[in-house]
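Have a look at this one before I ask anything.
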Amino acid sequence: MNYNCNCSRTNYLDHNYTYWEDREITSDEFEIINFLEKSYDLRSKSILHIGIGNSFFAKKFFKNQIFGITISQKEIDLAYSLGLPNYKVLLCDKYSLNFKEELNHMSFDLIVDTNLKSYSCCQVSFDFYMENLFHKLNKKGTLITSQNGMIWYKTLKPKLSFNFRNFFHFKLKEVEGNKENVLSHKELKSLAGQFNLEFSFDDKLCYLKK
Ligand SMILES: C[S@@+](CC[C@H](N)C(=O)[O-])C[C@H]1O[C@@H](n2cnc3c(N)ncnc32)[C@H](O)[C@@H]1O
């Protein structure tokens, strides 16, 4: 994948990495699902889900068209094994130039990314991602993120691992991340302003509306 910064990084296309496919949905994303179920009209809305994890989100909203992004091939294998007809997924680093290219002609009514900045390599890549993401929003579209997800940060390191189910396999291991990846309200609000989006929040989530 290509980037507009020179940070050293893992090439997620190198191996069939395992990451979140066997883990529980985070409570942060669960809060977003709760909000969508209770307070959001999802009828015929197209959704971009960044960070598909175990695809719990896609199973919940299987009637909607969902396009998912992940850096783990094993998460993709799980996603397709579910056989959901409206669900497509792509192996792509959201901070890369490829993200912009691969989603070139796509736009969405709703974007969900629980961890907007959590895995960013640097500010340049994060700003580039946010600009791309905002351009993917349809008119009146909404981007939703989690307040807890905003303060969570990790770096993913490749690791050769062994267990009796997968034998030798490559996994993405979370190690201490960059504290600058804590995304403040101030920064998110300022980004929203830059791209003419309406910013609001409650005790759990942040909303950016076009
Ligand atoms: C902590 S898991 C959370 C999964 C799910 N969103 C949830 O909250 O339960 C983070 C997710 O983000 C994805 N991810 C991490 N870094 C990414 C990146 N740079 N580009 C795209 N997806 C990424 C991982 O593959 C994984 O699906």
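Note that the numbering runs from 1 along the sequence shown for the chain. Start at 1 and go down the list; that is how both ligands and their atoms are numbered.
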(request) Say whether N115, considering both its backbone and side-chain N or O atoms, lies within less than 3.5 Å of an N or O atom on ligand 1. (result) no
(message) Counting non-hydrogen protein atoms only, what is the nearest one to atom 11 (C) of ligand 1? Give residue, atom name and distance.
(response) G51 CA, 3.6 Å
(request) For the pair K100 and E131, find out whether any cationic side-chain nitrogen is under 4.0 Å from an anionic carboxylate oxygen. (result) no
(request) Quick one: look up the protein heavy atom nearest atom 10 (C) of ligand 1 and list residue, atom name and how far away it is. (result) Y119 OH, 3.1 Å
(request) Identify the residue among K173, E174, Q73 that makes a side-chain hydrogen bond (donor to acceptor under 3.5 Å, both in side chains) with Y19. (result) E174
(request) For C92, take its heavy atoms, then give the atoms of ligand 1 lying under 4.0 Å from any of them. (result) 20 (N), 21 (C)
(message) Strictly below 4.0 Å, N to O, side chains only: are D113 and K94 in salt-bridge contact?
(response) yes
(message) Between S146 (side chain only) and L205 (backbone N and O only), is there a donor and an acceptor less than 3.5 Å apart?
(response) no
(request) Check if D28 has a non-hydrogen atom at a distance under 4.0 Å from any atom of ligand 1. (result) no
(request) Under 4.0 Å, heavy atoms only, figure out whether ligand 1 is touched by the backbone of R23, its side chain, both or neither. (result) neither
(message) I'd like to check which ligand 1 atoms, numbered from 1 as shown, lie under 4.0 Å from a non-hydrogen atom of G53.
(response) 4 (C), 27 (O)
(request) Answer yes if the ring centres of F57 and F61 are under 6.0 angstrom apart, and no otherwise. (result) yes
(request) Kindly say whether the aromatic ring centers of Y119 and W152 come within a distance under 6.0 Å. (result) yes
(message) What protein heavy atom lies closest to atom 20 (N) of ligand 1? Include the residue and the distance to one decimal.
(response) K94 N, 2.9 Å
(message) Minimum distance, heavy atoms only, to atom 24 (C) of ligand 1: which one of Y17, Y12, F57, Y19 is it?
(response) Y19
(request) Could you list the atoms of ligand 1 found under 4.0 angstrom from a heavy atom of Y95? (result) 19 (N)
(request) Taking only heavy atoms of T26 into account, list the atoms of ligand 1 that are under 4.0 Å away from them. (result) 7 (C), 8 (O), 9 (O)
(message) I need the nearest protein heavy-atom contact for atom 14 (N) of ligand 1: residue, atom name and distance, please.
(response) I71 CG1, 3.7 Å
(message) Counting non-hydrogen protein atoms only, what is the nearest one to atom 25 (O) of ligand 1? Give residue, atom name and distance.
(response) T70 OG1, 2.9 Å
(message) Could you identify the single nearest non-hydrogen protein atom to atom 27 (O) of ligand 1 and state the distance to 0.1 Å?
(response) E75 OE1, 2.7 Å
(request) Flag the pair K210 and E198 as a salt bridge only when some basic side-chain nitrogen lies within less than 4.0 angstrom of an acidic carboxylate oxygen. (result) no
(message) Tell me if a side-chain donor or acceptor on S125 pairs with a main-chain N or O of C122 at a distance below 3.5 Å.
(response) no
(request) Decide, yes or no, whether a salt bridge links D202 with K204 under the criterion of side-chain N to carboxylate O below 4.0 Å. (result) no
(request) Below 4.0 angstrom from a heavy atom of D93, which ligand 1 atoms are there? Numbered from 1 as shown, please. (result) 18 (C), 19 (N), 20 (N)
(message) Just to be sure I read this right, does ligand 1 sit under 4.0 Å from the backbone of F99, its side chain, both, or neither, counting only heavy atoms?
(response) neither
(message) So for I52, does at least one of its heavy atoms come nearer than 4.0 angstrom to any atom of ligand 1?
(response) yes
(request) Examine E29 against ligand 1 and note whether any of their N/O atoms are separated by less than 3.5 Å. (result) yes
(message) Can you classify the ring geometry of Y40 versus F35 as parallel (below 30°), tilted (30 to 60°) or perpendicular (above 60°)?
(response) tilted
(request) Would you please say whether a donor-acceptor pair under 3.5 Å links the side chains of T114 and E29? (result) yes
